[in-house]
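Contents: one structure, followed by commentary.
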Amino acid sequence: MRRHPCRGEAGGPVNGPSRKGGPSPKGAAVGRGIGIGLMYGLWKPRVLGAWRVPATGPVILAVNHSHNIDGPMLMGTAPRPVHFLIKKEAFIGPLDPFLLSIGQLKVDRETTDRAAVTDALGVLQGGGVLGIFPEGSRGEGDFASLRSGLAYFAVRTGAPIVPVAVLGSTDRRGRLISALPPLRSRVDVVFGDAFDAGDGSGRRTRRAMDDATLRIQKRLTAHLDNARRLTGRRAGLE
């Protein structure tokens, strides 16, 4: 299913200003350090294929999303600091300045958020790592429905996409905090091969974006299936 970039996704021309200073690369590095401490301290991540993430240059990490810890888990296991596009509803109370300070990007999904789009493009144009949940919101985590913003960022900047499968976060509920996986349980993070979303023409028409979205969905779904086989996890029983 294709979804056009009208609700917090990238679409037409980007003219709006980014927030002052833009997302901080140093902040993202601090966020990665915090993520490493928390994720490895509370759970047992098993990371496979991290070497597939390009060591330098712009890259987009496209992550399935079935649990709230999926983003922090990737931040703590990725080999490079990640700037995530995160829905504005998560930026509440003290989390607002904290998430901004560690280089994360606030996006309004109810409109075409030009400031967020500009910041995301700035991350890639500066050679950084952009993290995206291409399904747009938490769900089954199976890449069944993609928003076309991922295609827009990839085609416009030429940044390769690395598919990432986070498996095990929804397996069981914890005893102490039911909203989280059991403490010290295993969560698998599987990185796939980097690929280019565009067809090489450089076109950014609606048709080109639709075609790129279909290519992306095919690659992400294939990676998820492979990750499940590799880790021995079945669909619906992560």
Side-chain angles (χ1 to χ4, degrees), residues 4-5 8-32 35 50-65 71 74-75 77-88 99-109 112-136 146-164 191-205 208-209 211-213 215-217 219-220 223:
H4 297 300
E9 293 291 325
V14 179
N15 299 312
S18 64
R19 61 184 172 81
K20 184 177 180 180
S24 166
K26 290 183 179 180
V30 171
R32 178 172 180 262
W51 56 270
R52 294 187 170 97
V53 178
T56 60
V59 63
I60 300 172
L61 301 183
V63 195
N64 66 320
H65 193 24
L74 182 62
M75 289 176 64
T77 56
R80 295 172 59 187
V82 181
H83 300 269
F84 253 108
L85 274 170
I86 303 173
K87 62 182 180 180
K88 70 173 186 178
L99 289 173
L100 293 175
S101 72
I102 60 171
Q104 306 311 298
L105 286 65
K106 182 193 302 187
V107 59
D108 184 351
R109 298 179 300 171
T112 300
D113 190 336
R114 296 191 176 194
V117 171
T118 302
D119 278 351
L121 290 173
V123 167
L124 296 173
Q125 291 164 353
V129 180
L130 181 67
I132 295 182
F133 296 119
E135 296 160 290
L146 300 191
R147 293 173 180 259
S148 55
L150 172 56
Y152 173 82
F153 288 126
V155 172
R156 173 158 177 169
T157 65
I161 297 173
V162 172
V164 186
F191 295 86
D193 291 322
F195 67 93
D196 293 324
D199 60 4
S201 69
R203 293 180 298 114
R204 299 202 297 266
T205 63
M209 292 303 158
D211 290 346
T213 297
R215 284 192 293 272
I216 291 169
Q217 185 174 44
R219 292 291 296 263
L220 298 187
H223 171 66

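- For the side-chain contact (heavy atoms from CB on, under 4.5 Å) test, residues two or more places apart in sequence or in another chain that qualify with T205 are R203, R207, A208.
- By the side-chain contact (heavy atoms from CB on, under 4.5 Å) test, P79 pairs with A50, V53, F191, sequence neighbours left out.
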For the pair R215 and D199, evaluate side chain to side chain contact (heavy atoms under 4.5 Å, CB included) and give the outcome as yes or no after the intermediate values.
CA-CA 9 Å; R215 284 192 293 272; D199 60 4; 3.9 Å; yes
CA sep, side-chain torsions, deciding dist, call: V117, F153, side chain to side chain contact (heavy atoms under 4.5 Å, CB included):
CA-CA 9 Å; V117 171; F153 288 126; 4.0 Å; yes
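- The minimum heavy-atom distance linking I161 with A154 is given by the pair CD1-CB, 3.8 Å.
- Rounding to the nearest 0.5 angstrom, the gap separating the CG atom in D193 from the NE2 atom in H223 is 9.0 Å.
- With sequence neighbours left out, the side-chain contact (heavy atoms from CB on, under 4.5 Å) criterion links T157 to L121, L124, A159.
- Proximity of V30 to S101: side-chain heavy atoms (C-beta onward) are nowhere separated by under 4.5 Å.
- The distance from atom CG of L150 to atom CE of M209, rounded to the nearest 0.5 Å, is 11.0 Å.
- With rounding to the nearest 0.5 angstrom, the CG atom of L74 is 5.5 Å from the CG atom of L61.
- Among all heavy-atom pairs drawn from P163 and L220, the shortest one is CB-CD2, 3.3 Å.
- Considering every non-hydrogen atom in both G103 and P23, the closest pair reads O-CB, 3.7 Å.
- Closest approach of Q104 and V82 over heavy atoms only: NE2-O, 3.1 Å.
- Taking CG of D196 as the start and CD1 of I216 as the end, the distance is 10.5 Å to the nearest 0.5 Å.
- The structure places NZ of K88 at 15.5 Å from CG of L105, a figure rounded to the nearest 0.5 Å.
- Side chains of M75 and I102 form a contact here, defined as non-hydrogen atoms less than 4.5 Å apart.
- Between K106 and L99 the shortest side-chain heavy-atom distance does not fall below 4.5 Å.
- Annotation: the span from T77 atom OG1 to R32 atom CZ amounts to 9.0 Å, rounded to 0.5 Å.
- Smallest separation of non-hydrogen atoms from F84 and V63: CZ-CG2, 4.1 Å.
- The minimum heavy-atom distance linking L130 with L85 is given by the pair CD1-CG, 4.3 Å.
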